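These figures come from a predicted structure and were not determined experimentally. One-based numbering, in listed order, for ligands and for the atoms of each.
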Amino acid sequence: MKKTLTLAGSDSSGGAGIQADLKTFQEHAVYGMTALTSIVSMEPEDWSHQVTPIEVNTVEKQLKTILSVGIDAMKTGMLGTVDIIELGAREIKANGIDKVVIDPVMVCKGEDEVLQPENTDAMRALLLPLATITTPNLFEAGQLAQTGPIKTIDGMKQAAEKIISLGAQNVVIKGGKALDHEKAVDLFYDGNEHVLLESEKVDTTYTHGAGCTFAAAITANLANGKTVKESVMAAKDFVHAAIKHGWKLNEFVGPVKHGAYNEQ
Ligand SMILES: Nc1ncnc2c1ncn2[C@@H]1O[C@H](COP(=O)(O)OP(=O)(O)O)[C@@H](O)[C@H]1O
Ligand SMILES: Cc1ncc(COP(=O)(O)O)c(C=O)c1O
Ligand SMILES: [Mg+2]
């Protein structure tokens, strides 16, 4: 059985973060392991988020456990602090991990304000050069590439080129719901060809965890031996089914249905 690692935060509400990653790994029949970087909890009254970072030494101990077992691929999600980003980069290099998906989580959905800009700088400098692929949403791509807000597919192409010049081997920018386009369009770029991945845009707000699910599916596909491009294309189908069957958890949030693809 192939083994995967997610270095990411816990979403107590279960739709995103490490919970989305594990559910997605399970659906892809890979064995998921977790190094928890931060804990996100929500106020029952208004669902405002609190992020509690985990001490870097505790993250290091988790990684030591997992890397002693060995992994076939890994992903990162919410990382919390610059110390944890530095630790992640060090361990990827020291262990020669060569299937690395960097999901550069900066904020939770709907909040277009980076709370910790120093984390963005550290991800750009330390993690992009180690990325087999990075999976920014539209907002995160603008922050990583320092292009400012991206509004068009041409803008996505420019940002993708910048992100490759920063050292990532491949990038997929998620236009998703944010791009003003009739379809849900993502742009894949490997330094040579721009490939547009299109799917029907689902008219829903129940997309909590879509990004984590997409990146976790890419990670599992890489672990299972698919090429990078194949991994992204299969992940797009997987997340599309999950969004199509997204559901209302409470009055504030609707997670994607991680198991929808296999149920079809
Ligand atoms: N309403 C939607 N209909 C179909 N696909 C969507 C929709 N929203 C997002 N997606 C797709 O889901 C994946 C995750 O994108 P997105 O939600 O933008 O990421 P994030 O959760 O990181 O912000 C991408 O493949 C994107 O195109
Ligand atoms: C721990 C954690 N990671 C990542 C995310 C980002 O989730 P998404 O897949 O919706 O981008 C969230 C959002 O709530 C989160 O709580
Ligand atoms: Mg995301």
I need the minimum non-hydrogen distance between [X] and [Y], along with the two atoms involved.
| X | Y | value |
| --- | --- | --- |
| S12 | I39 | OG-CG2, 4.4 Å |
| T219 | A215 | OG1-O, 2.7 Å |
| K177 | T204 | NZ-O, 2.7 Å |

Tell me yes or no: between the side chains of [X] and [Y], is some donor less than 3.5 Å from an acceptor?
| X | Y | answer |
| --- | --- | --- |
| Q19 | S10 | yes |
| D11 | S13 | yes |
| S41 | Q50 | yes |
| H194 | E161 | yes |

Could you list which atoms of ligand 1 come closer than 4.0 Å to a heavy atom of K177?
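In order of numbering, the contacting atoms are 1 (N), 8 (N), 9 (C).
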Within a distance under 4.0 Å of any heavy atom of A184, pick out the atoms of ligand 1 and give their elements.
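The atoms of ligand 1 under 4.0 Å from a heavy atom of A184 are 4 (C), 5 (N), 6 (C), 27 (O).
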Mark up the atoms of ligand 2 that fall under 4.0 Å of a heavy atom belonging to [X], in ascending order.
| X | value |
| --- | --- |
| G17 | 1 (C), 2 (C), 3 (N), 4 (C) |
| H208 | 13 (C), 14 (O) |
| V40 | 1 (C), 16 (O) |
| C212 | 4 (C), 5 (C), 6 (C), 7 (O), 8 (P), 9 (O) |
| G211 | 9 (O) |
| G209 | 8 (P), 9 (O), 10 (O) |
| A16 | 5 (C), 7 (O), 12 (C), 13 (C) |
| G9 | 1 (C) |

In terms of the angle between their ring planes, are F238 and H28 parallel, tilted or perpendicular, with boundaries placed at 30° and 60°?
tilted
Look only at interatomic distance and state if [X] has a nitrogen or oxygen under 3.5 Å from any nitrogen or oxygen of ligand 1.
| X | answer |
| --- | --- |
| K236 | yes |
| T207 | no |
| D186 | yes |
| T204 | no |
| C212 | no |

E193 bridged to K229 by N-O distance under 4.0 Å
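Looking at E193 and K229, the cut-off is met.
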Pairwise side-chain contact, F188 with V228, heavy-atom cut-off 4.5 Å (strictly under):
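Answer yes - side chains close enough.
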Hey, looking at atom 1 (N) of ligand 1, which of I243, V202, T213, D237 has the closest heavy atom?
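Heavy atom nearest to atom 1 (N) of ligand 1 belongs to V202.
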Which option, K201, K174, M106, K183, owns the non-hydrogen atom nearest atom 14 (C) of ligand 1?
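Shortest heavy-atom distance from atom 14 (C) of ligand 1: K174.
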Is there a heavy atom in G77 that sits closer than 4.0 Å to ligand 2?
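Outside the 4.0 Å threshold, so no.
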Heavy-atom contact check, 4.0 Å cutoff: does S10 meet ligand 2?
yes
Part of A210 within contact of ligand 2 (heavy atoms, under 4.0 Å)
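A210 to ligand 2: backbone contact only, side chain stays beyond 4.0 Å.
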Identify whether [X] and [Y] are in the same connected component of the hydrophobic contact network (ILVMFWY, side-chain heavy atoms under 4.5 Å).
| X | Y | result |
| --- | --- | --- |
| I18 | V30 | no |
| V232 | V256 | yes |
| V51 | M123 | no |

For ligand 1, does E200 get within less than 4.0 Å through its side chain, its backbone, both, or neither, judged by non-hydrogen atoms?
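Just the backbone.
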